[in-house]
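Working notes, beginning with the structure itself.
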There are 2 protein chains.
Amino acid sequence: MAKIQSKRNSTKKEVIIEKASRLFREKGFGAASMRDLAEHVGVEAASLYNHIQSKSEILQTICFKVANEFMTNLEAVEASNQTTLKKMEMIIRVHIRMMLEQYEYVYISDHEWRHLPEPYLSNFLNQRRSYRKRLADIIEDGTAKGEMKAIDPYTAVLVILSAISGIDSWQRSRKSTTAEALESNMVRYLIEGLKR
Amino acid sequence: MAKIQSKRNSTKKEVIIEKASRLFREKGFGAASMRDLAEHVGVEAASLYNHIQSKSEILQTICFKVANEFMTNLEAVEASNQTTLKKMEMIIRVHIRMMLEQYEYVYISDHEWRHLPEPYLSNFLNQRRSYRKRLADIIEDGTAKGEMKAIDPYTAVLVILSAISGIDSWQRSRKSTTAEALESNMVRYLIEGLKR
DNA sequence: ATAAATAACTAACAACCGTTAGCGATGGAA
DNA sequence: TTCCATCGCTAACGGTTGTTAGTTATTTAT
């Protein structure tokens, strides 16, 4: 075996995906070229294909990595013994932290998924629909138990997820506010709107 | 003068921009080609240039049309004699309605602005920053007057605008809920989080 | 040391990109 | 009828796209 390890504890494939995530976020998937990417990796464009199969494979990897991470977390939350309000707070906090800590990946999964080729596109959208449905179910459950106000659960899910995904525009503009402050402010606003 | 009017009461340039908005939304600005667009207009790609100057001119037109519409509305609201809470509700409702009625335009202005060439890009971002600042000022004013709870105004602006911009994912998936229901649900959630 | 595997390189392909040049058809104004 | 602006067309430009072929260099395993 030749070296499959780069300087850090990561495969070259992982390095490529990491650099790509930055590039895709900055320029958009369509406008980012493989020659662009290659330059950032420090290699010729053709050499990338020793590690990846195609440009869209990179996008697939990123999108499903993020989707799986959220889904795994949701399952843990669902299985936990918490009030529905607390469950929602846990989910909101994870979303905010993922957005702050894995900004590039989450951003791409949020904004560039339409460039996924079939059948991955359908797969991704199904997974997303299912995720939102299960979130809405938690809220509906909370309303039924009288823990939350009677709000349309789909609207709530929409507001919550969209609000968090909007942190990207904060990322670029308001480095002055700390991440912790943002998280607590946002949780407060979003959870307060759920309490009865 | 030859005919500058199309069948409806709109310039051919307007028809192009309308078709382009659909295309840009579906494929993204970068991935939508002029030949694509020409086909939808029913003309050869080169003929488009009898009516427009460049591909990015279309994007500029759309982005600034939307931005100006929002800015004009904001000025009207600022000048009105209303409680700050009512002002915010008016703004929120206009945003939701614009999103529902001019979906393609608003979506593009929200998501494709990064492909604007300079100096339009800086212009657009300045205008956006100014818009959000003035929104935050209204909220801060409301807090100072005791009409609203003491929430970080930038966080509130972020949550509100992002939540509304997320309606796009509802557009595609939940035609069952009426627009009116969505609007009232969303206003309720967002305004409720502001009340003290 | 030798063989095998891995990953870099150069060159090139076919397709597509936005855009321009130039030409013919059309239709209203004089 | 003559004139001229408008708008459609075809052809083509120079450049970029993702990707493959073929080859060489490098590293690891035996």
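These numbers come from a predicted model, not from an experiment.
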Notebook entry, point to check: Does C/dA8 have OP1 or OP2 sitting under 4.0 Å from an N or O in the side chain of A/Lys12?
Noted result: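 Yes, such a contact exists.
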
Counting only N and O atoms by type, is there a donor-acceptor contact under 3.5 Å from the side chain of [X] to the main-chain atoms of [Y]?
X        : Y        : answer
A/Thr83  : A/Lys86  : yes
B/Tyr189 : A/Leu190 : yes
B/Glu118 : B/Ser122 : yes

Who passes side chain to side chain contact (heavy atoms under 4.5 Å, CB included) against [X], sequence neighbours left out?
X        : result
A/Arg188 : A/Glu192, B/Lys149
A/Ser21  : A/Ile62, A/Glu104, A/Tyr105, A/Ile108
B/Gln53  : B/Glu57

Output a table of donor-acceptor pairs, distance under 3.5 Å, between side-chain atoms of residues 69-82 of chain B and any protein atom two or more places apart or on a different chain; print 'none' if there are none.
from: B/Glu69; atom 1: OE2; to: B/Gln102; atom 2: NE2; distance (Å): 3.0
from: B/Thr72; atom 1: OG1; to: B/Asn68; atom 2: O; distance (Å): 2.8
from: B/Glu78; atom 1: OE1; to: B/Arg134; atom 2: NH2; distance (Å): 2.7
from: B/Glu78; atom 1: OE2; to: B/Arg134; atom 2: NE; distance (Å): 3.0
from: B/Ser80; atom 1: OG; to: B/Val77; atom 2: O; distance (Å): 2.7

Checklist line | Residues within residues 44-51 of chain B bordering DNA chain D, heavy-atom distance below 4.0 Å | finding: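 Residues of residues 44-51 of chain B under 4.0 Å from DNA chain D: B/Glu44, B/Ala46, B/Ser47, B/Asn50, B/His51.
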
Provide, to the nearest angstrom, the distance between the [atom1] atom belonging to [X] and the [atom2] atom belonging to [N].
X       : N      : atom1 : atom2 : result
B/Glu39 : D/dC9  : CD    : P     : 12 Å
A/Ile52 : C/dT6  : CD1   : C1'   : 16 Å
A/Lys13 : C/dT6  : NZ    : C1'   : 15 Å
B/Gln53 : C/dT20 : CD    : C1'   : 13 Å
B/Lys27 : C/dC16 : NZ    : P     : 11 Å

Checklist line | Near-strand residues of residues 30-37 of chain B, defined as heavy-atom separation under 4.0 angstrom from DNA chain C | finding: B/Ala32, B/Ser33, B/Met34, B/Arg35

Margin query: Check B/Glu89 with B/Arg93, please: is the shortest side-chain N to carboxylate O separation under 4.0 Å?
Written below: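 Yes, charged N to carboxylate O under 4.0 Å.
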
